[in-house]
**Student:** 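Attaching a single structure in structure tokens format; questions to follow.
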Amino acid sequence: MMTSMQRVLTALGHREPDKVPLFLLTTMHGAKELGLSIREYYSRAEHVVEGQMRLLAKYRSDCLVPFHYAGLECEAFGGDTVFYDDGPPNAGAPVIRRPEDIDRLEPPKVADGAGLVRVLEVTRQLKARVGDTVPIIGVAISPFSLPVMQMGFEPYIRLIYEQPERFARLMAVNQAFCVEWANAQLAAGATAIVYFDPVSSPTNISRELYLKTGHRVALETLPQIKGATAIHLASGRGLAIVDDIAATGTAGVGVSTLEDLAEWKAAARGRFTVIGNLNGVEMRRWTPAQAEDEVKRAIGKAGRGGGFILADNHGEIPWQVPEEVLLAIRDAADRWGRYPLDWVE
Amino acid sequence: MGSEPVPGAEIIPTLTGLHYRYAGGAAGCARKVCSAKGTALEKLASELYEALIALDTPRVTALFEEAVSRRGPILAVEEMMVPALVRMGEEWHSGRIALSQTYMGSRICEAVVDRLLPHGTERYKGLPKTAIAVLSDYHMLGKRMVLSVLRASGLPVLDYGRMDRDELVERVLADNTKILLISVLMLPSALKVKEVRSALDASEAGVKIAVGGAPFLFDPELWREVGADAMGQSAADAVSIVQRWQEGRA
């Protein structure tokens, strides 16, 4: 039997491993394992390391996720975070209150961000535990999508349309930060970086605008990241820009449940690995039988020939998804994901 | 002009957005079905939609002014602006246009209507009070878009901003609000609608709740689970929901 690392690398190489890799992206669930609040859980690197290792043992996912929460990157820019008992922490008040604030904005140093340093420590400790047997997935919010948290979505849309020079300056600042942050995670032991870029999705901006903005930013940023990347549109659609995404050279793409996995697999044409696309919101109320049906459907659509990793469609399993559903997904992936997929017509 | 009244007919938002029954939200406004298909106004509405997704404000203004000169301001909104907004919502929901286009387009509509439509509270007298809020989370864009669409459609709505459960219930009861629109982005916030529903039901306030936001799009059963009375798939859906409820129809 392959290790998770061998399985994932084989799939990324568009060959069939022993079974379909499963990225069960449980983050907050580590707090449940330790009996801690989400806030307490993320306050110490040791908690997250222990949580991730317990989740790995329980669900046998093919990756570890040192990622804490997206707002951590805003904390580095001077922002604060609002914690909830039952969901992911949100970025607090915008750090860019007026467009003019962008003129004075400087990229923060990773070493100065207490939360970022904690994530690096988690990454190092996980690497020490699993070595090269399990991929460790780092996360960096794209320079193009980070402003939604830095200044709010509405002011950001207006900035894109109405203030191109300030937009360009913000991209430069964020790009410098993103590159340093992604490379720091790789240096700490991350195997690859997920480049979260929901704003680039055609759900949020037109392809025409994407080509002038998010695509250019990705083309400039990704080559500076010294390791493999996967672009994730965080539930947003992407088929309309599939060739543009492929042109970035990314190794994988996170796919929305709103789109068809078979269409994605065909459109990828071996240029990148398709990751997805179980519905994380519906997952909350699945029965084990439904979980099995959904896993079987996804594998049937995209599993053949490798180049596919089974995962949820958002990049993070909601807190409300119960253990029995996660275990059912694991069991179904074992049952239906074993290569060769002779049952697939 | 092909705009025959059909008393008692239901709202029929179509893919073209051109067949719909408009109640106008105004006391005393005649109920009728407006079918602009094949009319000069249909052409204007189609041109307006194209101008909106191109974010061509001068063209939107010119088209709306032309419609006002032909039909008067109220009918220009009803027969041209609302269909264009509904079509934008449908096109976004089906993945054919982007959120940024619908946001900017709805803001343009709001500004144009605000400038050209007569202000005054007379036409809204006696209508149930309507309000919108973001519940619990901090993502305000969806609410902003619904506000723009409703205002561009000439429908009055109070903006409660962002509120937690208790604050929202208290405000709804204090204002005697009867139609509450709740926008969320996060799943935990969506689940909190159930608590708002329970608190309002306990007070027997007779409040109707419509919800919208990403969790409801990804789980089509969720709005019923949390006890909402309706769910909007796009900001434009709020128009037909509010019109329906302001008229006292289920």
Side-chain angles (χ1 to χ4, degrees), chain A residues 28 38 71 81-82 84-94 148-149 152-158 160-162 198-210 213 234-240 256-259 279-286 312-314 316-321, chain B residues 53-57 88 91-108 134-148 162 164 183-192 194-195 213-226 233-235:
Chain A
M28 297 166 281
I38 291 170
T81 298
V82 180
Y84 298 93
D85 293 334
D86 55 1
N90 278 191
V148 172
M149 290 187 291
F153 207 163
E154 185 184 354
Y156 181 45
I157 291 177
R158 297 177 72 162
I160 294 171
Y161 281 109
E162 296 166 0
V199 179
S200 283
S201 160
T203 297
N204 291 317
I205 62 167
S206 65
R207 177 173 181 262
E208 181 187 15
L209 185 58
Y210 166 65
T213 55
S235 303
R237 298 174 195 267
L239 271 173
S256 172
T257 198
L258 299 175
E259 293 181 321
N279 187 329
V281 178
E282 282 191 351
M283 198 182 284
R284 184 181 54 90
R285 56 180 176 77
W286 282 351
D312 73 289
N313 88 130
H314 191 74
E316 184 173 51
I317 304 279
W319 169 263
Q320 287 77 10
V321 177
Chain B
I53 61 168
L55 311 182
D56 185 348
T57 304
M88 276 206 306
E91 297 282 303
W92 175 75
H93 183 65
S94 61
R96 287 191 286 269
I97 65 171
L99 187 73
S100 63
Q101 290 168 296
T102 59
Y103 164 72
M104 294 296 281
S106 60
R107 290 298 302 265
I108 291 170
V134 171
L135 178 62
S136 188
D137 67 42
Y138 288 83
H139 301 85
M140 311 300 278
L141 183 66
K143 175 182 73 70
R144 189 68 193 81
M145 291 173 63
V146 173
L147 268 177
S148 291
R162 180 214 169 267
D164 287 319
S183 172
V184 300
L185 183 72
M186 313 291 287
L187 175 60
S189 306
L191 294 169
K192 287 187 176 67
K194 198 169 193 171
E195 299 169 20
F216 300 107
L217 296 179
F218 284 94
D219 183 351
E221 299 298 319
L222 184 57
W223 67 277
R224 287 192 179 90
E225 180 186 331
V226 300
Q233 293 188 323
S234 73

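What you are looking at is a predicted structure, and each value in this text was computed from that prediction instead of being measured. Sequence lines set the chain letters: A, B, ... in the order given, protein chains first and strands last, and positions in each chain run from 1.
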**Student:** Pick from A/L258, A/V148, A/N204, A/V281: which one has the most heavy-atom pairs with chain B under 4.5 Å?
**Tutor:**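 The candidate making the most pairs under 4.5 Å is A/N204.
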**Student:** Is a side-chain donor or acceptor of A/N279 paired with a backbone partner of B/F218 at a separation under 3.5 angstrom?
**Tutor:** yes
**Student:** So, taking the atom named CZ in A/R285 and the one named CD in B/E225, what distance separates them when rounded to the nearest 0.5 Å?
**Tutor:**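 Between A/R285 CZ and B/E225 CD, I get 7.0 Å after rounding to 0.5 Å.
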**Student:** If I take atom CE from residue A/M283 and atom CG from residue B/L187, how far apart are they, to the nearest 0.5 angstrom?
**Tutor:**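 These two atoms lie 11.5 Å from each other.
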**Student:** Please look at A/Y161 and chain B and tell me whether the side chain, the backbone, both or neither of the residue comes under 4.5 angstrom of a heavy atom of that chain.
**Tutor:**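 Only the side chain of A/Y161 comes within 4.5 Å of chain B.
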**Student:** CZ of B/R144 to CD1 of A/I157: how many Å apart, nearest 0.5 Å?
**Tutor:** 12.0 Å
**Student:** Of all heavy-atom pairs between A/S206 and B/S100, which one has the smallest distance, and what is that distance?
**Tutor:**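 That closest heavy-atom pairing would be N-OG, 4.3 Å.
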**Student:** Hey, does B/K143 have a side-chain heavy atom less than 4.5 Å from the side chain of A/E154?
**Tutor:** no
**Student:** Given that the side chain runs from C-beta out, which part of A/P155 has a heavy atom under 4.5 Å from chain B: side chain, backbone, both or neither?
**Tutor:** neither
**Student:** Taking atom CZ of A/R284 and atom CD of B/E221, what is their separation to the nearest 0.5 Å?
**Tutor:**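 Going from CZ on A/R284 over to CD on B/E221, the span is 10.5 Å.
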**Student:** Hey, are the side chains of B/Q101 and A/L209 touching, using non-hydrogen atoms and a 4.5 Å cut-off?
**Tutor:** no
**Student:** Chain B heavy atoms under 4.5 Å from A/Q320: which part of the residue, side chain, backbone, both or neither?
**Tutor:** side chain
**Student:** Going by heavy atoms in the side chains, are A/D86 and B/K192 under 4.5 Å from each other?
**Tutor:** yes
**Student:** Among B/L191, B/I97, B/T102, B/L217, who wins on heavy-atom pairs under 4.5 Å with chain A?
**Tutor:**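 Between B/L191, B/I97, B/T102, B/L217, the count favours B/L191.
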**Student:** Less than 4.5 Å to any heavy atom of chain B: does that hold for the side chain of A/N313, its backbone, both, or neither?
**Tutor:**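 Side chain only.
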**Student:** Begin from the C-alpha positions of B/H139 and A/F153 and carry the test side chain to side chain contact (heavy atoms under 4.5 Å, CB included) through to its verdict.
**Tutor:** CA-CA 8 Å; B/H139 301 85; A/F153 207 163; over 6 Å; no
**Student:** So for B/I53, is it side chain, backbone, both, or neither that comes closer than 4.5 Å to the heavy atoms of chain A?
**Tutor:** neither
**Student:** Between A/P202 and chain B, with a heavy-atom cut-off of 4.5 Å, which part of the residue counts as in contact: side chain, backbone, both or neither?
**Tutor:**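 Backbone only.
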**Student:** Which region of B/M140, side chain (C-beta onward) or backbone (N, CA, C, O), has a non-hydrogen atom less than 4.5 Å from a non-hydrogen atom of chain A, or is it both or neither?
**Tutor:** neither
**Student:** Shorter than 4.5 Å, heavy atoms on both sides: which option in A/A91, A/S235, A/G92, A/G152 has the most such pairs with chain B?
**Tutor:** A/S235
**Student:** Which heavy atom of B/W92 sits nearest a heavy atom of A/T203, and at what distance?
**Tutor:** NE1-O, 3.0 Å
**Student:** Could you tell me which non-hydrogen atom of A/G87 sits nearest to which non-hydrogen atom of B/P188, and how far apart they are?
**Tutor:** CA-CG, 3.7 Å
**Student:** Hey, mind stepping through B/S189 and A/Y84 against side chain to side chain contact (heavy atoms under 4.5 Å, CB included) and telling me if it holds?
**Tutor:** CA-CA 10 Å; B/S189 306; A/Y84 298 93; 5.7 Å; no
**Student:** Closest heavy-atom contact between B/S94 and A/R237?
**Tutor:**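 Smallest interatomic distance, heavy atoms only, reads C-NH2, 4.0 Å.
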